[in-house]
Number of protein chains: 2
Amino acid sequence: MNERKRQVMLLAKKLFIDKGFTATSVQDILEEAKISKGTFYNYFTSKNECLMAILEDAHNESVIRRRELLVGRDKKDKDILAGQILVRMQVNRELNLLPIYEAVFYSTDEELRNFVKAYHLSELKWIAGRLVDVYGEEAKPHAFDCSVMTLGMIQQLNHFWKAGSSKDPDIEKLVHFTFRRMDALMSDMIKQKDVLLEQHLISSLEIPAGDLKEKLQEDLLVLKKKLEQEQIGNCVDYANFLLSELQAENPRVSLLEAVGRSFREDSNGKMLADRVNEVIFLLWKYIDSIKANS
Amino acid sequence: MNERKRQVMLLAKKLFIDKGFTATSVQDILEEAKISKGTFYNYFTSKNECLMAILEDAHNESVIRRRELLVGRDKKDKDILAGQILVRMQVNRELNLLPIYEAVFYSTDEELRNFVKAYHLSELKWIAGRLVDVYGEEAKPHAFDCSVMTLGMIQQLNHFWKAGSSKDPDIEKLVHFTFRRMDALMSDMIKQKDVLLEQHLISSLEIPAGDLKEKLQEDLLVLKKKLEQEQIGNCVDYANFLLSELQAENPRVSLLEAVGRSFREDSNGKMLADRVNEVIFLLWKYIDSIKANS
DNA sequence: CATATTTTATACCGTCAGTCCAAAATAAGC
DNA sequence: GCTTATTTTGGACTGACGGTATAAAATATG
């Protein structure tokens, strides 16, 4: 993505957070970003597309952050899962996303609607998968039900905590409370062999491992050259290592994970951080595809 | 409410259901109702107020229907509660209310927002109260948490059932599934003495029993006269009985309940049915205020 | 029949998302 | 340095929206 375009996006994001999506006019964005209408519609075909870019960005960010929490940890650890779901809540709060999601979900723009729908669904599938990690295979038939209910409980509790109290909800307390409830739910469902939602909804998320690797390598190479120009030492090393490791027949996953996480940490705040993020996002997708196929 | 105004409201409702609230323009309503813009803004000060009238109508309708389910039944019966919550789901589905609620909750119109907020809150308090009926006093500290979570589970399950499948969700199955989960939740929370949301949120719903009775009697009298004009025999009898029973020092509640329910049933589809509904809504509020104070 | 209210039709306002376009600024190729 | 593409600009424009204003016509009321 164009550097200038990204800047416009970030300013739009700021406005959407502060004023809300519908209350922010394109004119507001133009003034904030000091660009003309023509330029805006050159970058984005519509205000909705601009929002979609922001949402995608946020989505990728939380996918990475969640994935990083698992590096070197036991995937059965329930606290890790709680932490991962907390990330989602934090991102939602930071970007004030809930109102946006709701507004969008019932908007007339079908593309936008489908975008958010697909995101929600992938979110649920991911949680369901993690629930199987944590609760074992016997939880599988109930994982989707449980993820949906858990998300529903969290959302509503958050909602009414906000409505009833002036101060922001303590989302950590909220998530842990819900997790204790989820425990009871899960064992009860397993005991009663009680299933609601059809299994086929859970059909594993397709991971197109095919061109993923090539894309990753290409982008890494481009990124490395830019990093070299900017003389950001550490990051060049990271990029070089990842490139060489990806050449190996069986890349060592744990190394990819470790370096990937540090790469992003070190680039944080620096120039090109956004570009790094984009590449690292691909890296995690690639790592997950390896893990899924082993 | 003016008869013609009510008709416009019903047509607007139809459009909102079919096309969604935001997608329906005032112009659409004018054409559908074959009225001029001036008339519309004579009835309602804004499109939002029109929506509020519709929501209030739906709310009253489901309050009545839910309350009728309890007539002569044991308030501890869990199936009754399930049926009552089902009523809510049915009304929501019939009027396609969920999208409207969500859209409104984050709208910029504060009045509209507060209206929906208050409705949601009263809904939760009502469920919490019913949970205490069913699970006993020991459930009291957890009743609000539980009602929030239950609603959250139902809503999300419904949401994703709809998203994942082409056909409409089987809400009866859904509610009963959720009720089995709620059982586990409740006993777990009681055992663990685990509470999240502050107690003060639950502060009992104020029932202004004061002028309620006079208002009820007035409206009943007006209604009776209209019914006599239209020569709707049965209903006149009902109205007369209610009026006389309300004169008594201690009106017999079970009789009020029985007659109230039949009154509405018999008027269903007939002329003035809407007027009957309005009065019967007051009747149930009055009955509940008696029950609460005994 | 006269007075009061409601309804109508239409013109109008400001705001919005989005289109179009000619001119100016910037970048790229030779 | 000069020329050719591309991007950016700013403003005019469209059509839809919610909502206002008003004078005339229809309807109800006494």
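Lettering of chains follows the sequences in order, A, B, ..., and the numbering in each one begins at 1. Being a predicted model, the structure only gives us computed values, none of them experimental.
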Would you be so kind as to tabulate the donor-acceptor pairs closer than 3.5 Å made by side chains of residues 48-57 of chain A, with sequence neighbours excluded?
from	atom 1	to	atom 2	distance (Å)
A/Asn48	ND2	A/Asp109	OD2	2.8
A/Glu49	OE1	A/Thr45	N	3.4
A/Glu49	OE2	A/Thr45	OG1	3.2
A/Asp57	OD1	A/Arg6	NH2	2.8

Considering only NZ, NE, NH1 and NH2 on the basic side and carboxylate oxygens on the acidic side, decide whether B/Asp219 and B/Lys215 come within less than 4.0 Å. yes
Can a side-chain donor-acceptor contact be found between A/Asn42 and A/Thr39 if the only test is distance below 3.5 angstrom? no
Could I get the full list of ring pair (Phe, Tyr, Trp, His ring centres under 6.0 Å) partners for B/Tyr41, not counting sequence neighbours? none
Any salt bridge linking A/Glu123 with A/Arg66? Criterion: basic side-chain nitrogen under 4.0 Å from a carboxylate oxygen. yes
Boundaries of the chain B footprint along DNA chain D (any atom under 4.0 Å from a heavy atom): D/dC17 to D/dT20
Flag, side chain of B/Ser122 to backbone of B/Tyr119, donor-acceptor distance under 3.5 Å: yes
Which residues satisfy the ring pair (Phe, Tyr, Trp, His ring centres under 6.0 Å) test with A/Phe241, sequence neighbours excluded? none
Please tabulate the protein-to-nucleotide N/O contacts below 3.5 Å involving nucleotides 11-19 of chain C, giving atom names and distances.
from	atom 1	to	atom 2	distance (Å)
C/dA17	OP1	A/Lys47	NZ	3.0
C/dA17	OP2	A/Val26	N	3.0
C/dG18	OP2	A/Tyr41	OH	3.3
C/dG18	OP2	A/Lys47	N	2.8
C/dG18	N7	A/Lys37	NZ	3.0
C/dG18	O6	A/Lys37	NZ	2.9

With a cut-off of less than 4.0 Å, is there a side-chain N or O of B/Thr39 near OP1 or OP2 of C/dT8? yes
Apply ring pair (Phe, Tyr, Trp, His ring centres under 6.0 Å) to B/Phe40 and list each qualifying residue two or more places apart in sequence or on a separate chain. B/Phe44
